[in-house]
Amino acid sequence: ETGVTQTPRHLVMGMTNKKSLKCEQHLGHNAMYWYKQSAKKPLELMFVYSLEERVENNSVPSRFSPECPNSSHLFLHLHTLQPEDSALYLCASSQAGRNPKYGYTFGSGTRLTVV
Amino acid sequence: EDQVTQSPEALRLQEGESSSLNCSYTVSGLRGLFWYRQDPGKGPEFLFTLYSAGEEKEKERLKATLTKKESFLHITAPKPEDSATYLCAVQDNTGKLIFGQGTTLQVKP
């Protein structure tokens, strides 16, 4: 596989459930990102990992917990979510430090619905 | 504060009717301006990178231009398959990517 792969594509979960989103990149990049995309709003940066260290956490509620075990894999652990957390969650990767020829490469996203 | 504003929010065109999308920005230390295309239920797909004022890039019916304050995405003789949401983003001097809210383009046959 090439590019950035996200699983699952769709997820419906109750407010008391615990689930995880998975992202894998096959591009040899060293930085990975989680974005939240809600209708009619700009992409919201949630977390940034560079060289497997979390370098940014944009005031995201603690019910979202990221994990980056290596430079190719990124997880977003979810627990006790709220209905307003329903959105498209996008993973992206880049080669930090280089000229930004392509910006970030995005996965296809996970459509999350909290019921 | 770094900011990106896109207009219009939505645009409906007839096939063959050329138009332009606008992206206005304020950023501390522009490293690059990016245009992405996003189809429903999919992630953004890279189109262009522009680095400095006066630069232009072309790809099929799309042409992106850049000034010190804004960028335009010109669409010449669009086809229905050009229907998508077009996202503009700027990368600041820390490497962070800041997105606009997007322009949803619908091209009718």
Side-chain angles (χ1 to χ4, degrees), chain A residues 2-11 21 23-25 27 29-51 55-58 74 87-113, chain B residues 1-11 21-27 29-52 55 57 59 64 66 71 73 84-104:
Chain A
T2 58
V4 179
T5 305
Q6 288 188 245
T7 55
R9 289 298 311 277
H10 302 272
L11 178 62
L21 310 185
C23 176
E24 185 173 359
Q25 60 98 358
L27 300 166
H29 288 165
N30 59 11
M32 297 186 78
Y33 312 82
W34 280 116
Y35 278 88
K36 176 183 178 182
Q37 188 174 36
S38 305
K40 308 288 186 186
K41 290 174 119 179
L43 270 71
E44 299 173 52
L45 180 62
M46 300 176 72
F47 301 104
V48 179
Y49 277 83
S50 181
L51 299 172
V55 296
E56 187 152 346
N57 176 345
N58 273 359
L74 185 65
L88 182 68
Y89 288 84
L90 290 163
C91 173
S93 70
S94 73
Q95 188 63 19
R98 278 196 188 167
N99 283 336
K101 185 176 181 183
Y102 301 114
Y104 300 170
T105 302
F106 286 87
S108 294
T110 295
R111 172 66 64 185
L112 174 66
T113 304
Chain B
E1 182 185 342
D2 297 341
Q3 195 168 7
V4 179
T5 304
Q6 291 187 246
S7 62
E9 187 175 314
L11 181 61
L21 282 54
N22 177 263
C23 171
S24 298
Y25 66 90
T26 54
V27 65
L30 179 71
R31 291 179 68 184
L33 184 141
F34 303 88
W35 282 98
Y36 288 88
R37 170 189 170 131
Q38 187 175 21
D39 293 299
K42 293 190 174 182
E45 181 184 331
F46 171 81
L47 290 174
F48 302 108
T49 309
L50 301 166
Y51 295 103
S52 57
E55 191 174 358
K57 293 273 179 76
K59 181 179 179 180
L66 181 64
S71 176
L73 185 65
T85 296
Y86 290 86
L87 300 174
C88 171
V90 296
Q91 189 165 34
D92 67 14
N93 54 14
T94 70
K96 189 186 304 184
L97 215 58
I98 302 113
F99 282 86
Q101 78 278 24
T103 294
T104 299

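Values below: every heavy atom of this structure, side chains too, minus hydrogens, waters and symmetry copies. In the text below, chain A, chain B and the rest are named by the order of the sequence lines, each starting its count at 1.
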Practice problem: Against chain A, work out which of B:Leu47, B:Leu97, B:Asp39 has the most heavy-atom pairs shorter than 4.5 Å and name it. | Solution: B:Leu97

Practice problem: Please flag which part of B:Gln6 lies under 4.5 Å from any non-hydrogen atom of chain A: side chain, backbone, both or neither. | Solution: neither

Exercise. Could you look at B:Leu87 and say if it's the side chain, the backbone, both or neither that has a heavy atom under 4.5 Å from chain A?
Key: side chain

Self-check item: Within 6.0 Å of NZ in B:Lys57, more than 12 heavy atoms from elsewhere
Solution: yes

Practice problem: Please confirm whether the backbone N or O of A:Pro8 pairs with a side-chain atom of A:Thr110, one donor and one acceptor, at under 3.5 Å? | Solution: yes

Exercise. Please state whether the side chain, the backbone, both or neither of A:Tyr35 comes within less than 4.5 Å of a heavy atom of chain B.
Key: side chain

Practice problem: Ignoring hydrogens and angles, tell me if any N or O in the side chain of A:Gln6 forms a donor-acceptor pair with the backbone of A:Leu21 under 3.5 Å. | Solution: no

Quiz prompt | Leading residue by heavy atom contact count with chain B [cutoff under 4.5 Å; candidates A:Gln37, A:Glu44, A:Arg111] | solution = A:Gln37

Quiz item: If you count heavy-atom pairs under 4.5 Å between each of B:Gly100, B:Gly102, B:Ala89 and chain A, which one has the most?
Solution: B:Gly100

Quiz item: Which answer fits B:Gln38, side chain, backbone, both or neither, if we ask what part of it has an atom under 4.5 Å from a heavy atom of chain A?
Solution: side chain

Quiz item: Taking all atoms of both residues into account, what is the closest heavy-atom pair of B:Ile98 and B:Val4, and its distance?
Solution: O-CG2, 3.5 Å

Quiz item: By a 4.5 Å heavy-atom criterion (distance strictly below it), what part of A:Leu43 contacts chain B: side chain, backbone, both, or neither?
Solution: both

Quiz item: Does the side chain of B:Thr104 pick up a donor-acceptor pair with the side chain of B:Thr85 at under 3.5 Å?
Solution: yes

Quiz item: For the atom pair SG (B:Cys23) and OH (B:Tyr86), what is the distance rounded to the nearest 0.5 Å?
Solution: 15.0 Å

